[in-house]
Amino acid sequence: MSATIPPKIKNQIQVVQGDITKLDCDCIVNAANRSLLGGGGVDGAIHRAAGPELLAECRTLHGCRTGEAKITRGYRLKVKYIIHTVGPIYSGTPEDAVQLADCYRNSLELAKTYDIHSIAFPAISTGVYGYPLDAATPIAVDTVADWLQSHADYDMKVIFCCFDARTKQAYQTKME
Ligand code: AR6
């Protein structure tokens, strides 16, 4: 994990507060569940905004394992693609951190194979799934920073889309 984030990498990362469904970038990430058939939180918001065609495509994907990622079109959203990843339900075991890091890494890998150059993440697992924000934030930021560093030849911009001020503050503190 990165100790300090190099300036070049910091420039590729943006922290914003708002509704991820309103963003205009290549791709947004959904914090889904293993069924990929919708739910509450950011998942519910994305399905409502993207429209019923999203659920129809999700039905063809036959779910997703925790830590893995699958891709769909963006339908009524501004984005071309939605990457659906399934965060861990917080259990307090070391497995949580491994699976949470996998979500970010696998989403970025999948994005690269689709020629995606800007991607927005919500704070995966920190809502319904109960992952403490202070523990989840460094995993999110360090995993993304490490990925960007090891793919220095690929142009990728990452947006951390924080729904509330507390989440935004946690990300900004980690980025400093
Ligand atoms: N834009 C950005 N972030 C949002 C939005 C939004 N529109 N709405 C909520 N958040 P959660 P999880 C934030 O619960 O913990 C669903 O039912 C929220 O404030 O959406 O990974 C799924 O189907 C929090 O910071 O996802 C699963 O069953 C973050 O998104 C389960 O919840 C994640 O909260 C997944 O739980």
Side-chain angles (χ1 to χ4, degrees), residues 1-20 23 25-34 36 39-43 45-46 63-71 81-113 116-152 154 156-176:
M1 291 269 171
S2 332
T4 54
I5 305 165
K8 181 184 173 292
I9 302 299
K10 266 193 193 178
N11 286 338
Q12 289 174 261
I13 301 175
Q14 205 186 340
V15 179
V16 303
Q17 187 180 341
D19 178 353
I20 203 166
L23 294 184
C25 48
D26 292 344
C27 171
I28 61 167
V29 176
N30 182 16
N33 58 59
R34 291 166 65 114
L36 296 185
V42 70
D43 193 8
I46 288 172
C64 182
R65 292 197 192 95
T66 304
E68 295 187 358
K70 294 195 176 179
I71 193 161
Y81 296 109
I82 302 167
I83 287 178
H84 306 261
T85 189
V86 183
I89 299 171
Y90 187 71
S91 66
T93 66
E95 187 73 5
D96 296 333
V98 174
Q99 291 179 329
L100 188 62
D102 283 346
C103 286
Y104 289 94
R105 208 178 299 111
N106 287 327
S107 296
L108 288 164
E109 283 299 327
L110 183 57
K112 185 170 176 279
T113 68
I116 287 163
H117 291 279
S118 55
I119 183 168
F121 285 96
I124 301 166
S125 283
T126 67
V128 173
Y129 279 180
Y131 212 121
L133 185 61
D134 289 348
T137 305
I139 295 168
V141 174
D142 288 339
T143 304
V144 165
D146 285 350
W147 190 92
L148 292 174
Q149 256 190 300
S150 57
H151 296 80
Y154 188 81
M156 181 71 96
K157 183 183 155 205
V158 175
I159 301 154
F160 286 114
C161 182
C162 307
F163 202 48
D164 52 43
R166 183 175 155 257
T167 303
K168 187 183 182 202
Q169 186 59 57
Y171 275 84
Q172 280 179 333
T173 303
K174 172 62 192 169
M175 290 291 295
E176 275 159 15

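Keep in mind that what you see is a predicted model, and the values were worked out from it rather than measured.
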With Ile119, the side-chain contact (heavy atoms from CB on, under 4.5 Å) member among Ile159, Leu110, Ile83:
Ile83
Heavy-atom closest pair, residues [X] and [Y]:
| X | Y | answer |
| --- | --- | --- |
| Ala123 | Thr167 | CB-CG2, 3.9 Å |
| Ile82 | Asn30 | CG2-CB, 4.1 Å |
| Val144 | Phe160 | CG2-CZ, 3.7 Å |
| Ala111 | Met156 | CB-CE, 3.8 Å |
| Ala97 | Ile139 | CB-CD1, 3.7 Å |
| Ile116 | Tyr81 | CD1-CD1, 3.6 Å |

For Asn33 and Asp43: C-alpha separation, side-chain torsions, deciding distance, then whether side-chain contact (heavy atoms from CB on, under 4.5 Å) applies.
CA-CA 8 Å; Asn33 58 59; Asp43 193 8; 3.8 Å; yes
Does any N or O in the side chain of Asp96 come within less than 3.5 Å of the main-chain N or O of Ser91, such that one atom is a donor and the other an acceptor?
yes
Counting distance only, does the side-chain N/O of Ser125 pair as donor-acceptor with the main-chain N or O of Pro88 below 3.5 Å?
yes
For residues [X] and [Y], determine if any side-chain heavy atom of one lies less than 4.5 Å from a side-chain heavy atom of the other.
| X | Y | result |
| --- | --- | --- |
| Leu108 | Phe121 | yes |
| Phe163 | Ile20 | no |
| Val86 | Cys103 | no |
| Lys174 | Asp142 | yes |
| Cys25 | Lys157 | no |
| Trp147 | Val158 | no |

Looking only at side-chain N and O atoms, does Glu109 offer a donor or acceptor that is under 3.5 Å from a partner on Thr113?
no
Are side-chain N/O atoms of His117 and Asp26 paired as donor and acceptor at under 3.5 Å?
no
Rounded to the nearest 0.5 Å, what separates atom OH in Tyr131 from atom CD1 in Ile124?
11.5 Å
